[in-house]
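Worksheet: the structure to be examined is printed underneath.
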Amino acid sequence: MREKRGRRSFLFFIDAESMIEKAVVRDIVEQLVQETDLFLVDVIVRAGNIIIVEVDSELEGVSIDDCITLSKKIESQLDRDAEDFELEVGSAGITSPFKIPRQYEKNWGNEVEVLTKAGQKLSGILKSSDEEKFTFTTTKMVKPEGAKKKVAVEEDFTFNYDEVKYTKYLIRFK
């Protein structure tokens, strides 16, 4: 007689009451950065109350002092006695994909790399963006029929955010 072997499933439940709410952290951070050049990119709350806050800056960049200051202010708004947590505050890396429309706006005029969900990889100058889509201009060298030399031809591409896998700032060393 053959023994039947089935799949075994294991479910792990996380007590929702013991986790710090992402929305609470998001509200705290948005309030704290209101009067600064910083803006919130993302908040992640992982099991074990590991809170990760990612910020960016309208100006130069996010300094370690900015992260330390913001971390202390966030911590002062949360009650460690009620719920223990681990807090990480960092900047959106220069080579990290953009996550929110405000990062696109910040990078108008900069060169970006775009990977579409169709698998097409393009690079060009970010021209404009809004809450739903962005436009960038690529330049390619094309040899017109009958011409001896190639000429630069610009082409605009517009994508909705949900049509791309990622868009990120492109760094070139010349």
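Nothing here was measured: the structure is a model prediction, and the numbers come from that model.
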From OG1 (Thr138) to CD (Glu155), nearest 0.5 Å: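 Thr138 OG1 to Glu155 CD: 5.0 Å, rounded to 0.5 Å.
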
Nearest-0.5 Å distance, CD of residue Glu21 to CD1 of residue Ile51: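 Between atom CD of Glu21 and atom CD1 of Ile51 there are 11.0 Å.
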
With sequence neighbours excluded, residues passing salt bridge (Lys or Arg N to Asp or Glu O under 4.0 Å) with Glu111: Arg172

Residue pairs, two or more places apart or on separate chains, that pass ring pair (Phe, Tyr, Trp, His ring centres under 6.0 Å) and touch residues 104-133: Phe98-Tyr104, Tyr104-Phe134, Tyr104-Tyr161

Any idea which heavy atoms bring [X] and [Y] closest together, and the distance?
{"X": "Asn107", "Y": "Gln103", "value": "ND2-O, 2.8 Å"}
{"X": "Pro101", "Y": "Ser129", "value": "O-OG, 4.3 Å"}
{"X": "Cys67", "Y": "Ser91", "value": "SG-N, 4.2 Å"}
{"X": "Val142", "Y": "Pro144", "value": "O-CD, 3.1 Å"}
{"X": "Ser96", "Y": "Lys168", "value": "O-CB, 3.7 Å"}

Please tabulate, for the side chains in residues 22-45, all donor-acceptor contacts under 3.5 angstrom to protein atoms that are two or more places apart in sequence or on a different chain.
{"from": "Lys22", "atom 1": "NZ", "to": "Val43", "atom 2": "O", "distance (Å)": "3.2"}
{"from": "Thr36", "atom 1": "OG1", "to": "Val33", "atom 2": "O", "distance (Å)": "2.8"}
{"from": "Thr36", "atom 1": "OG1", "to": "Leu38", "atom 2": "N", "distance (Å)": "3.1"}
{"from": "Asp37", "atom 1": "OD2", "to": "Ser57", "atom 2": "OG", "distance (Å)": "2.6"}
{"from": "Asp42", "atom 1": "OD2", "to": "Lys99", "atom 2": "NZ", "distance (Å)": "3.4"}

side-chain hydrogen bond (donor to acceptor under 3.5 Å, both in side chains) partners for [X], two or more places apart:
{"X": "Lys106", "result": "Asp56"}
{"X": "Asp156", "result": "Lys127, Thr137"}
{"X": "Asp130", "result": "Lys133"}
{"X": "Glu105", "result": "none"}

Identify every side-chain donor-acceptor pair in residues 71-78 under 3.5 Å, counting partners at least two apart or on other chains, and give the distances.
{"from": "Glu75", "atom 1": "OE2", "to": "Arg80", "atom 2": "NH2", "distance (Å)": "3.0"}
{"from": "Ser76", "atom 1": "OG", "to": "Lys73", "atom 2": "O", "distance (Å)": "2.7"}

For residues [X] and [Y]: do they belong to one hydrophobic cluster (side chain heavy atoms under 4.5 Å, members Ile, Leu, Val, Met, Phe, Trp, Tyr)?
{"X": "Phe85", "Y": "Val55", "answer": "yes"}
{"X": "Leu59", "Y": "Ile68", "answer": "no"}
{"X": "Val53", "Y": "Ile20", "answer": "yes"}
{"X": "Phe157", "Y": "Ile125", "answer": "no"}
{"X": "Val164", "Y": "Tyr169", "answer": "yes"}

Among all residues two or more places apart in sequence or in another chain, which pass the side chain to side chain contact (heavy atoms under 4.5 Å, CB included) test with [X]?
{"X": "Ser128", "answer": "Thr135"}
{"X": "Ala82", "answer": "Asp79"}
{"X": "Lys148", "answer": "none"}
{"X": "Leu115", "answer": "Lys121, Lys165, Tyr166"}

Working for side-chain contact (heavy atoms from CB on, under 4.5 Å), residues Leu126 and Asn110: CA-CA 6 Å; Leu126 189 56; Asn110 291 332; 5.7 Å; no

side-chain contact (heavy atoms from CB on, under 4.5 Å) between Lys149 and Lys143, worked out: CA-CA 6 Å; Lys149 293 183 179 181; Lys143 187 175 179 185; over 6 Å; no

Side-chain contact, heavy-atom cut-off 4.5 Å: [X] with [Y]?
{"X": "Phe136", "Y": "Thr158", "value": "no"}
{"X": "Asn49", "Y": "Asp84", "value": "no"}
{"X": "Thr139", "Y": "Val153", "value": "no"}
{"X": "Arg102", "Y": "Glu58", "value": "yes"}

Asp66 and Ser63: side chain donor to acceptor below 3.5 Å: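 Yes - a donor-acceptor pair under 3.5 Å links their side chains.
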
Met141 vs Val151, side-chain contact (heavy atoms from CB on, under 4.5 Å): CA-CA, chis, key distance, verdict: CA-CA 5 Å; Met141 298 303 287; Val151 295; 5.7 Å; no

